[in-house]
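For reference, the structure discussed in these notes is given below.
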Amino acid sequence: MTLSIRRARPDEAGLILSLVRELAEYEKLLHEVEATETDIEAALFGENPRLFCAIAEWEGEPAGFAVWFINFSTFSGRHGVYLEDFYVRPFYRGKGLGKVLLSHVAKACVAGGGSRLQWAVLDWNAPSIAFYKSLGAVMMDDWTLCRVTGAALTRLAGEAS
């Protein structure tokens with residue numbers, strides 16, 4: 001069996017969006033996907049991209065993807081990587097593809113001088129949590145993810161005046 005991990009190409013914005021939608025459906029969050037192919041293409045392949053994507057292929061077929069961006073830790077004084085999306089299609093799970101794909105992102109982090117690789121996982125997603133722990137990931141149970149969107153974001157932005 002042939003597995004390859006490669007950088008996404010500009011003509012694959014549609015594929016990437018379909019993988020995003022598959023991930024969102026798995027996470028029961030499809031109703032939150034607002035991105036378009038144009039958004040994906042601009043973010044990944046625009047003039048100064050700050051978003052990166054790798055496609056995992058099994059026997060030449062798209063089997064999964066990882067999307068990440070560079071962040072910064074003031075505590076370590078170094079950059080790191082935040083893994084925004086990580087998904088392996090159900091048919092391809094259990095073949096070692098996820099480990100290789102995550103290893104690819106870790107390699108990009110280390111090559112860029114990064115001090116850490118971080119991501120979030122839904123607390124009900126026991127298979128993914130077990131997989132991440134098997135790779136040495138530490139669940140940051142003492143931290144709570146915060147998010148401000150929509151009207152609340154607009155309202156908060158107005159407070160800066």
Side-chain angles (χ1 to χ4, degrees), residues 1-46 49-71 73 76 78-145 147:
M1 299 294 164
T2 306
L3 166 63
S4 65
I5 310 291
R6 62 170 178 77
R7 184 177 179 161
R9 298 184 303 258
D11 65 338
E12 294 180 311
L15 168 64
I16 296 163
L17 182 58
S18 76
L19 290 165
V20 167
R21 294 180 65 79
E22 285 178 39
L23 170 62
E25 185 171 17
Y26 173 76
E27 293 180 334
K28 301 171 183 69
L29 296 170
L30 187 56
H31 62 281
E32 292 190 18
V33 177
E34 298 176 10
T36 66
E37 282 186 41
T38 303
D39 295 332
I40 300 293
E41 185 176 2
L44 286 168
F45 309 107
R50 291 176 278 180
L51 189 67
F52 308 92
C53 179
I55 304 288
E57 290 182 331
W58 186 266
E59 295 294 321
E61 293 297 318
F65 80 130
V67 175
W68 68 93
F69 56 88
I70 306 302
N71 62 10
S73 167
S76 73
R78 295 168 50 203
H79 287 92
V81 164
Y82 188 85
L83 182 63
E84 178 65 20
D85 288 331
F86 180 73
Y87 178 70
V88 174
R89 288 177 159 161
F91 177 79
Y92 301 100
R93 293 179 189 158
K95 301 178 187 311
L97 192 147
K99 183 176 182 179
V100 173
L101 184 56
L102 198 53
S103 176
H104 177 86
V105 177
K107 184 177 181 179
C109 180
V110 170
S115 63
R116 61 184 171 193
L117 169 60
Q118 292 181 267
W119 64 93
V121 60
L122 291 165
D123 61 2
W124 57 259
N125 193 345
S128 292
I129 292 169
F131 168 67
Y132 297 143
K133 284 182 175 180
S134 78
L135 299 177
V138 176
M139 301 299 113
M140 306 292 288
D141 295 332
D142 50 340
W143 290 83
T144 300
L145 183 65
R147 180 180 293 165

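One is the number of the first residue; the rest follow in order along the sequence.
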Pairwise distance CG(Asn71) to CZ(Arg50) - rounded to 0.5 angstrom: 13.5 Å
Apply salt bridge (charged side-chain N to carboxylate O under 4.0 Å, His left out) to Arg6 and list each qualifying residue two or more places apart in sequence or on a separate chain. Glu12, Glu57
Tell me every residue that passes ring-ring contact (aromatic ring centres under 6.0 Å, His included) with Phe45, counting only those two or more places apart in sequence or in another chain. none
Could you note down all residue pairs passing salt bridge (Lys or Arg N to Asp or Glu O under 4.0 Å) where residues 80-90 supplies at least one of them, sequence neighbours left out? Glu22-Arg89
Identify the two heavy atoms, one from Ile40 and one from Ala35, that lie closest to each other, and give their separation to 0.1 Å. CD1-CB, 4.2 Å
Test log, rule side-chain contact (heavy atoms from CB on, under 4.5 Å), inputs Ile55 and Ile16: CA-CA 8 Å; Ile55 304 288; Ile16 296 163; 4.1 Å; yes
Heavy atoms, side chains only, cut-off 4.5 Å: are Leu44 and Pro49 in contact? no
Contacts of Thr36 that satisfy side chain to side chain donor-acceptor pair (under 3.5 Å) - sequence neighbours left out: Asp39
Expected list for residues 110-131: side-chain donor-acceptor pairs under 3.5 angstrom, two or more places apart:
{"from": "Ser115", "atom 1": "OG", "to": "Ser76", "atom 2": "OG", "distance (Å)": "2.8"}
{"from": "Arg116", "atom 1": "NE", "to": "Gln118", "atom 2": "OE1", "distance (Å)": "3.2"}
{"from": "Arg116", "atom 1": "NH2", "to": "Ser73", "atom 2": "OG", "distance (Å)": "3.0"}
{"from": "Asn125", "atom 1": "OD1", "to": "Tyr26", "atom 2": "OH", "distance (Å)": "3.1"}
{"from": "Asn125", "atom 1": "OD1", "to": "Ser128", "atom 2": "N", "distance (Å)": "3.3"}
{"from": "Asn125", "atom 1": "OD1", "to": "Ser128", "atom 2": "OG", "distance (Å)": "3.1"}
{"from": "Asn125", "atom 1": "ND2", "to": "Ser128", "atom 2": "OG", "distance (Å)": "3.1"}

Should Val20 and Phe65 count as side-chain neighbours, where that means a heavy-atom distance under 4.5 Å? yes
Restricting to pairs with a member in residues 129-139, which pass salt bridge (Lys or Arg N to Asp or Glu O under 4.0 Å), not counting sequence neighbours? none
Would you find a donor on one side and an acceptor on the other, under 3.5 Å apart, between the side chain of Arg93 and the backbone of Val88? yes
Let me confirm one number: the OH-CD distance from Tyr87 to Glu25, rounded to the nearest 0.5 Å. 8.0 Å
For a 4.5 angstrom cut-off between non-hydrogen side-chain atoms, does Leu23 reach Leu29? no
So, taking the atom named CZ in Phe52 and the one named NE2 in His104, what distance separates them when rounded to the nearest 0.5 Å? 11.0 Å
What is the distance from atom CH2 of Trp58 to atom OG of Ser4, rounded to the nearest 0.5 Å? 10.5 Å
Cys53 SG to Leu15 CG distance, which is reported to the nearest 0.5 Å: 8.0 Å
Rounding to 0.5 Å, atoms CG (Leu102) and CH2 (Trp68) come to a distance of 10.5 Å
If you look at every heavy atom in His79 and Ile70, which pair is closest and at what distance? CD2-CG2, 3.5 Å
What pair of heavy atoms forms the shortest contact from Ile5 to Ala54, and how long is it? CG2-CB, 4.0 Å
